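No hydrogens, no waters, no symmetry mates; every other heavy atom, side chains included, goes into these values. Naming convention: chains lettered A, B, ... in sequence-line order (proteins, then strands); numbering from 1 in each chain. From a predicted model like this one, the values you see are computed outputs, not experimental measurements.
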2 protein chains.
Amino acid sequence: MMKKVLVLGAGQLARMMQLAGTPLNLDVKALDVSSNKVVHPITPEHIYGDLAAGIIHADVITAEFEHVAHDILDQCQQSGKLFPKSEAIKIGGDRRLEKALLESCNTANAKHYFVNSKEDFDKAISYLSLPIIFKTALEGYDGKGQWRLKVAADAEAIWQEMADFLNASTTTVKQGIVAEQMVPFDREISLVGVRRVNGDVAVYPLTENHHTNGILTVSVAAPINTKLQEQAGTVFKALSDKLNYVGVMAIEFFQVGNQLLVNEIAPRVHNSGHWTQQGADTCQFENHLRAICDLPLGSTALVRPTAMVNIIGEDTIPDEVLAIASVSVHWYNKGKRAGRKMGHINVSGEHELQLAQRLQSLADILCPKAFPDLNDFAKNYLDKQNK
Amino acid sequence: MMKKVLVLGAGQLARMMQLAGTPLNLDVKALDVSSNKVVHPITPEHIYGDLAAGIIHADVITAEFEHVAHDILDQCQQSGKLFPKSEAIKIGGDRRLEKALLESCNTANAKHYFVNSKEDFDKAISYLSLPIIFKTALEGYDGKGQWRLKVAADAEAIWQEMADFLNASTTTVKQGIVAEQMVPFDREISLVGVRRVNGDVAVYPLTENHHTNGILTVSVAAPINTKLQEQAGTVFKALSDKLNYVGVMAIEFFQVGNQLLVNEIAPRVHNSGHWTQQGADTCQFENHLRAICDLPLGSTALVRPTAMVNIIGEDTIPDEVLAIASVSVHWYNKGKRAGRKMGHINVSGEHELQLAQRLQSLADILCPKAFPDLNDFAKNYLDKQNK
């Protein structure tokens with residue numbers, strides 16, 4: 001009765017799917033796309049064969065990242081076992097397709113323009129007003145592949161960099177640039193939701209996200225403005241229905257006043273949903289697996305306010321962290337490398353004040369060099385709760 | 001930095017330790033004691049060698065059951081890596097040692113008498129009053145190896161059965177019988193607690209247990225009478241200090257009025273602590289690993305009222321179970337066999353009434369033949385909450 005799941009990608013997301021799926025009697029294996037080997041998501045030793053063997057063995061196939069080579073996605077799609085479908089995964093991996101989807105659903109997002117040439121570039125500058133952010137259409141993540149144009153005088157230099165980048169590009173699909181109006185947003189928030197084959201949808205509470213150098217460092221999930229939650233839920237429903245989506249999808253938003261603008265879509269479990277492991281009724285990894293295995297979705301209710309702190313570029317933290325109540329540490333068993341996501345820490349509280357206090361205790365213990373913005377974040381959050 | 005843990009025994013408890021330990025970067029392997037092979041606790045494929053190799057590879061060794069052959073325990077003990085120590089594990093596997101421990105700590109327990117001969121048997125009957133329960137000193141679990149003497153007329157027949165049993169016994173340590181006054185208890189409850197090398201102790205909220213044919217079927221953890229909790233905590237502290245215990249230990253009690261009598265001790269993670277996976281701040285499996293790896297203990301606070309329902313002798317349940325909010329299913333990936341613990345279901349609620357309602361929904365879906373007492377339990381529990 002054990003269902004076999006193959007995850008394209010053998011990183012931390014596949015690992016956490018394996019941990020969440022095992023109790024449900026799901027046998028989760030991973031395809032290391034760089035070596036084309038089916039590996040154990042935890043160890044990660046080679047188990048058997050390659051993609052072709054993996055497809056045959058699996059009952060269901062999914063992906064832990066959107067930048068999977070299209071020929072791999074196409075092979076999986078042909079097997080009829082891939083969830084979400086390759087179109088949805090491809091949309092997450094190409095900002096042009098993403099923008100087209102948003103437009104087709106009349107979903108609010110930053111004003112933008114596609115750039116493939118100097119002519120487009122000049123048009124973009126006159127169509128949008130400065131500042132503008134230019135993002136590569138393909139392969140951008142964690143703030144990589146972005147240029148910010150703040151003053152007109154820098155235009156020529158930035159175009160030259162982008163032109164060199166485009167010329168050097170070796171992607172199978174033609175690389176491009178999406179120019180976006182930089183939005184003076186109040187904060188970045190995201191919605192993680194899940195959709196089943198039959199159209200059932202469940203969304204988690206909105207999460208507030210904080211980035212450092214383009215990488216997510218802290219996410220907080222706590223009871224939130226109902227109207228924003230509804231707005232985000234409506235967007236999720238529209239986009240996921242349009243895609244006939246199956247599985248967990250994350251939507252990143254800019255909040256501008258009371259409006260949410262979609263920043264980007266991730267067709268997979270998402271870093272800003274890691275808090276669900278301790279803070280929600282059913283974690284995002286389990287819900288993704290439930291959806292792709294056509295099992296009933298689990299409740300996405302908030303159990304208690306919870307924050308997630310990414311561990312970046314470090315492979316140890318002081319043991320005392322574990323002495324703080326409601327702290328869970330999740331290591332990914334990856335080799336240490338600067339800027340690499342090595343693990344995360346979930347912290348919960350019965351109420352937000354308690355959560356803020358525990359975050360402050362955490363910030364007091366962790367090395368400020370390794371967690372540069374955590375102390376400021378915790379201090380501000382605690383101040384806000386004490387008011 | 002990854003610590004290697006070897007678990008003696010490759011059943012569901014080792015499996016759940018592996019799942020709880022992986023995020024902490026603990027590498028948990030299991031010794032299948034019947035085949036003397038080190039196996040993966042999940043798959044459970046053979047990984048390498050035997051006990052001797054396992055001892056060399058491991059940083060820390062622990063046990064998932066108390067009936068480990070003494071020569072295995074002794075070998076592990078000699079390595080200096082075994083937690084808890086073999087004496088503590090042996091006490092859990094021999095009711096005579098258990099009773100001696102309770103006496104040495106002046107811990108309340110049922111009046112008892114050791115029986116090795118017809119003479120002892122007759123003395124036990126005059127020392128204790130009927131009804132008496134006779135339990136094998138070794139190898140008894142899940143209600144196996146027990147005789148109940150309710151009327152004097154049955155004494156001769158029961159003795160004959162026990163004498164045959166003792167004569168047929170092939171245990172290395174001499175088998176024996178412990179006669180116990182049957183206690184007219186109000187209910188059975190248990191305490192799961194954890195102790196670290198430095199003497200730190202943390203205990204979970206008391207759990208109310210319900211058995212069917214000697215096997216635990218339902219456990220409920222909810223806010224409870226503070227005095228009982230304190231009483232149980234004091235017993236845990238006394239016994240675990242006496243043993244210089246390291247790891248999780250469970251104590252089963254009979255509640256008689258306001259008094260707790262120790263029924264038995266399990267020197268390991270325990271079925272009545274499975275609810276902690278969803279209902280407590282840190283689950284018993286993680287806390288056991290933290291203790292034996294000398295990491296700070298995690299908070300044992302109740303997050304929300306939670307019940308655990310054992311799945312016995314069945315390898316499927318209806319998918320609709322997963323549609324009930326706050327339900328988590330934990331399968332053990334074991335071959336189907338009548339009476340075998342195959343998995344468990346955790347159910348939580350924000351308050352006890354909600355928990356009771358969800359338990360009733362669960363009972364309505366599950367097959368009454370497979371879960372014989374669940375419906376009655378849920379009905380009574382719901383009635384109690386509605387009052």
Side-chain angles (χ1 to χ4, degrees), chain A residues 1-2 12 15-16 18-28 40-43 45 47 200 277-283 286-287 290 293-301 303-304 315-316 318-333 336 342-344 346 348 350 358, chain B residues 1-2 12 15-16 18-28 40-43 45 47 200 277-283 286-287 290 293-301 303-304 315-316 318-333 336 342-344 346 348 350 358:
Chain A
M1 289 303 304
M2 186 182 276
Q12 65 263 29
R15 174 184 173 90
M16 290 187 278
Q18 198 274 349
L19 291 171
T22 298
L24 286 174
N25 242 359
L26 302 176
D27 173 15
V28 180
H40 193 290
I42 303 294
T43 55
E45 68 198 295
I47 300 173
D200 282 354
Q277 292 172 312
Q278 266 70 43
D281 224 343
T282 314
C283 79
E286 177 169 344
N287 254 335
R290 288 193 189 199
C293 294
D294 201 20
L295 293 167
L297 302 180
S299 156
T300 49
V303 173
R304 45 188 189 158
D315 61 0
T316 55
D319 285 348
E320 304 96 273
V321 164
L322 294 170
I324 304 170
S326 306
V327 158
S328 294
V329 176
H330 300 258
W331 288 107
Y332 307 153
N333 192 27
K336 186 174 172 170
M342 302 289 290
H344 69 272
N346 284 339
S348 303
E350 274 183 58
R358 288 173 179 170
Chain B
M1 290 301 304
M2 185 182 276
Q12 65 263 30
R15 173 183 174 90
M16 290 186 276
Q18 198 275 349
L19 291 172
T22 298
L24 286 174
N25 241 0
L26 302 176
D27 173 14
V28 179
H40 193 290
I42 304 294
T43 56
E45 68 199 296
I47 301 173
D200 282 356
Q277 292 172 312
Q278 266 71 42
D281 225 343
T282 314
C283 79
E286 176 169 346
N287 252 336
R290 287 193 189 199
C293 294
D294 201 20
L295 293 168
L297 302 180
S299 155
T300 50
V303 172
R304 44 188 189 159
D315 60 1
T316 55
D319 285 349
E320 304 97 273
V321 164
L322 293 170
I324 304 170
S326 307
V327 157
S328 295
V329 176
H330 301 259
W331 288 107
Y332 306 152
N333 192 26
K336 186 173 172 173
M342 303 289 291
H344 69 273
N346 284 340
S348 302
E350 274 184 56
R358 289 173 177 170

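- In this structure, A:T282 OG1 and B:Q278 CD are separated by 9.0 Å, a value rounded to the nearest 0.5 Å.
- Taking both residues in full, the closest heavy atoms of A:P296 and B:D319 are given as CG-O, 3.3 Å, listed atom of the first, atom of the second, then distance.
- For B:H40, the part lying under 4.5 angstrom from a heavy atom of chain A is the side chain only.
- With a 4.5 Å cut-off on non-hydrogen atoms, A:S326 touches chain B through its backbone and its side chain both.
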**Asked** Is there a side chain to side chain contact (heavy atoms under 4.5 Å, CB included) between B:L24 and A:L322 once you walk through the steps?
**Response** CA-CA 10 Å; B:L24 286 174; A:L322 294 170; 4.0 Å; yes
**Request:** Might you work through the side chain to side chain contact (heavy atoms under 4.5 Å, CB included) test for B:D281 and A:R304, ending with a clear yes or no?
**Result:** CA-CA 11 Å; B:D281 225 343; A:R304 45 188 189 158; 2.7 Å; yes
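- Each of A:T22, A:L295, A:V321 has some count of heavy-atom pairs under 4.5 Å with chain B, and the biggest count is that of A:T22.
- Of the atoms belonging to A:I42, it is side-chain heavy atoms, and not backbone ones, that fall under 4.5 Å from chain B.
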